[in-house]
Amino acid sequence: MDVFSLLVLLLSSRIQAVGAQMKLSPGTLTVLRGEEARLTCSTSNTQWTVMVWLMNGTSVLTISKEIGVLPSINPNVMAEKSSDSQGDSWVFVLKNTQRHNQGQVTCDLQGIDRKTASLFVQEKGSVRVIGEDKLAFKGQLVPFECQAAGWYPQPTLQWQVNNKKVSQGEYNISSEELGKSLFNVTSNLNFTAAQSSNVDCLASVSALPTPLKSSVRLTVVAEVVQGGDDCKVPVAVTASLSAVLLLLLLCICTVLWYRQRTQAKPSPQETIRFDQSVSGRSYVAEATRGKVNLGYSSEGPTVLQKTTCVLPLKSKSDGVPQVPDVVSSSSSQSLHSENQAHVCLEKSSKNVRRITTV
């Protein structure tokens with residue numbers, strides 16, 4: 001009985017010693033699709049001759065202690081000699097990791113031991129906040145929507161306002177699985193506008209060093225600044241309103257100036273009528289050697305012609321000659337007032353009298 005116990009103890013000690021002579025790290029590796037996957041297999045046992053690397057049970061690379069890395073039919077794998085640890089150590093490199101490479105990676109020291117690690121391949125998608133920058137009044141409830149598409153596994157979504165995380169109770173998350181085990185995630189946030197802020201939506205998986213982020217700007221109108229009792233309107237809003245008012249005032253001034261200039265300029269018809277009226281008045285004044293009534297205006301151009309009236313002098317029985325009625329005619333108008341000038345040239349067979357009445 002004592003001999004059997006001793007044999008069991010010796011066997012377990014040898015197994016532990018052999019196990020201690022070989023190590024595969026890391027035990028679990030998670031990478032993004034398209035990145036390199038690197039695992040290190042090291043041993044302190046100098047008796048090994050061949051190291052074989054297997055992926056999901058299939059041999060992909062062989063290393064000989066005497067020759068080194070043997071040619072492989074898989075161009076996506078390679079191995080590098082490492083001197084970071086004691087003994088023999090080799091780094092297995094999967095250069096362009098794809099989703100079908102996910103699974104078990106095994107380092108097998110022929111005739112000595114083997115170790116297995118787990119490889120997980122994740123997919124990085126995209127994230128964006130739907131819509132552009134928003135403008136809101138203080139206290140208004142503003143909705144935001146974020147979409148993360150093409151991720152594996154399902155990503156985690158997180159909202160931030162001014163780099164501060166928003167409580168998960170203030171937004172909801174829904175997801176759907178598409179072909180090739182890809183996930184789309186949608187989140188909706190209803191945020192009460194208090195001050196102008198940067199609103200960020202972040203999506204990430206474990207293999208991603210930093211989350212992907214999409215941001216929009218929320219501008220709050222007439223926000224209250226707590227650094228005193230001052231109240232200010234954002235400069236951008238004030239400048240926009242001032243520019244609109246200035247442009248409107250300029251348009252009004254331009255229209256008024258143009259209308260005033262149009263009304264002050266006489267039309268060509270009025271200019272011609274004025275010239276003809278002045279010409280007619282000057283002619284009448286010259287013909288009558290009197291004064292022209294400047295208060296009289298004609299409806300149209302008037303052409304004055306000299307009219308010569310030849311009337312015989314009549315005499316009554318008492319021998320006193322009488323002046324006949326003055327007769328005047330014009331080609332364009334008749335006389336309408338007693339105050340207008342009349343010219344008549346009178347003559348008889350014996351003598352001629354010229355009479356001018358004003």
**OP:** Determine whether more than 12 heavy atoms belonging to other residues, nucleotides or ligands lie under 6.0 Å from atom NZ of K65.
**Re:** yes
**OP:** Would you check if the side chain of N162 reaches a backbone N or O of S197 as a donor-acceptor pair within less than 3.5 Å?
**Re:** no
**OP:** Please state whether the rings of W159 and F144 are parallel, tilted or perpendicular, taking 30° and 60° as the class boundaries.
**Re:** tilted
**OP:** To the nearest 0.5 angstrom, please state how far the NZ atom of K213 sits from the CG atom of L202.
**Re:** 6.5 Å
**OP:** Scan side-chain atoms only and decide if D88 and T43 contain a donor-acceptor pair under the 3.5 Å cut-off.
**Re:** no
Original post:
Under a single-linkage definition using a 4.5 Å side-chain heavy-atom cutoff for Ile, Leu, Val, Met, Phe, Trp and Tyr, are L24 and V31 assigned to the same hydrophobic cluster?
Top reply: yes
**OP:** Would you please name every residue forming a side chain to side chain donor-acceptor pair (under 3.5 Å) with T192, sequence neighbours left out?
**Re:** none
Original post:
Same hydrophobic cluster for V91 and M51, using side-chain heavy-atom links shorter than 4.5 Å among ILVMFWY?
Top reply: no
**OP:** First locate atom CG of N45, then atom CE of M22, and finally report the distance between them rounded to the nearest 0.5 Å.
**Re:** 10.5 Å
Subject >> Rounded distance [0.5 Å steps], CH2 in W90 versus CD in E80 >> reply: 9.5 Å
Original post:
Does P75 offer a backbone N or O that forms a donor-acceptor pair with the side chain of K95 under 3.5 Å?
Top reply: yes
**OP:** Using the rule that two of Ile, Leu, Val, Met, Phe, Trp, Tyr join whenever any of their side-chain heavy atoms come within less than 4.5 Å, decide whether V105 and L29 are in one cluster.
**Re:** yes
Original post:
If you measure from OG1 on T49 to CD on Q110, what distance do you get to the nearest 0.5 Å?
Top reply: 7.5 Å
**OP:** Locate the shortest heavy-atom distance separating P155 from F183; write the atom from each residue and the value.
**Re:** CD-CB, 4.4 Å
**OP:** Could you walk me through whether N74 and L61 pass side chain to side chain contact (heavy atoms under 4.5 Å, CB included), step by step?
**Re:** CA-CA 8 Å; N74 190 342; L61 187 67; over 6 Å; no
Original post:
Are any of the side-chain heavy atoms of Y258 and T254 separated by less than 4.5 Å?
Top reply: no
**OP:** State, to 0.1 Å, how close G131 and V216 come at their nearest heavy-atom pair, and which atoms those are.
**Re:** O-CG1, 4.0 Å
Original post:
Excluding sequence neighbours, so at least two apart, what forms side-chain contact (heavy atoms from CB on, under 4.5 Å) with S206?
Top reply: T30, Q122
Original post:
What are the two closest heavy atoms between T40 and W53, and how far apart are they?
Top reply: C-CH2, 4.4 Å
Subject >> Backbone of P143 reached by a side-chain donor or acceptor of K134 within 3.5 Å >> reply: yes
**OP:** Measure the spacing between CD of Q158 and SG of C146 and express it to the nearest 0.5 Å.
**Re:** 11.0 Å
Subject >> With R114 via side chain to side chain donor-acceptor pair (under 3.5 Å) - residues at least two apart >> reply: D108
Subject >> Residue pair S196 / T219, side-chain donor-acceptor N/O under 3.5 Å >> reply: no
Subject >> Q168, CD: over 12 other non-hydrogen atoms inside 6.0 angstrom >> reply: no
Subject >> side chain to side chain contact (heavy atoms under 4.5 Å, CB included) evaluation trace for K124 with V205 >> reply: CA-CA 8 Å; K124 179 181 70 174; V205 289; 5.7 Å; no
**OP:** Could you walk me through whether V199 and V166 pass the side chain to side chain contact (heavy atoms under 4.5 Å, CB included) test, one step at a time?
**Re:** CA-CA 10 Å; V199 181; V166 178; over 6 Å; no
Original post:
Atom CG in D200, atom OG in S215: separation rounded to 0.5 Å?
Top reply: 3.5 Å
Original post:
Has L141 got more than 12 heavy atoms of other residues, nucleotides or ligands less than 6.0 Å from its CG?
Top reply: yes
Original post:
Taking C-beta and beyond as the side chain, do L119 and L94 meet within less than 4.5 Å on heavy atoms?
Top reply: yes
Original post:
Does any non-hydrogen side-chain atom of E177 lie less than 4.5 Å from one of L182?
Top reply: no
**OP:** Mind checking side-chain contact (heavy atoms from CB on, under 4.5 Å) for N184 and listing every partner two or more places apart, or none if nothing turns up?
**Re:** A149, E176, L178
Original post:
If you look at every heavy atom in V129 and C201, which pair is closest and at what distance?
Top reply: CG2-CB, 3.7 Å
Subject >> Residue list, side-chain contact (heavy atoms from CB on, under 4.5 Å) with T62, at least two apart or on another chain >> reply: V50, V52, S59, L70
Original post:
If Ile, Leu, Val, Met, Phe, Trp and Tyr residues are connected whenever their side-chain heavy atoms lie under 4.5 Å apart, and connections chain through other members, are M78 and V60 in the same group?
Top reply: no
Original post:
How close do V142 and A136 get, heavy atom to heavy atom, and via which atoms?
Top reply: CG2-CB, 3.6 Å
Original post:
Given side chains that start at C-beta, do those of S72 and V77 come closer than 4.5 Å, heavy atoms only?
Top reply: yes
**OP:** Would you please name every residue forming a side-chain contact (heavy atoms from CB on, under 4.5 Å) with I130, sequence neighbours left out?
**Re:** R128, E145, Q147
Original post:
R99 versus R33: any side-chain heavy-atom pair under 4.5 Å?
Top reply: yes
Subject >> Over all atoms of both residues, closest heavy-atom pair of N56 and G103 >> reply: OD1-CA, 3.2 Å
Original post:
Can you find a heavy atom in the side chain of V221 that is under 4.5 Å from one in the side chain of L135?
Top reply: yes
Original post:
Is a side-chain N or O of T116 found less than 3.5 angstrom from the main chain of T106, in a donor-acceptor match?
Top reply: no
Subject >> ILVMFWY network linking W151 to F120, side-chain heavy atoms under 4.5 angstrom >> reply: no
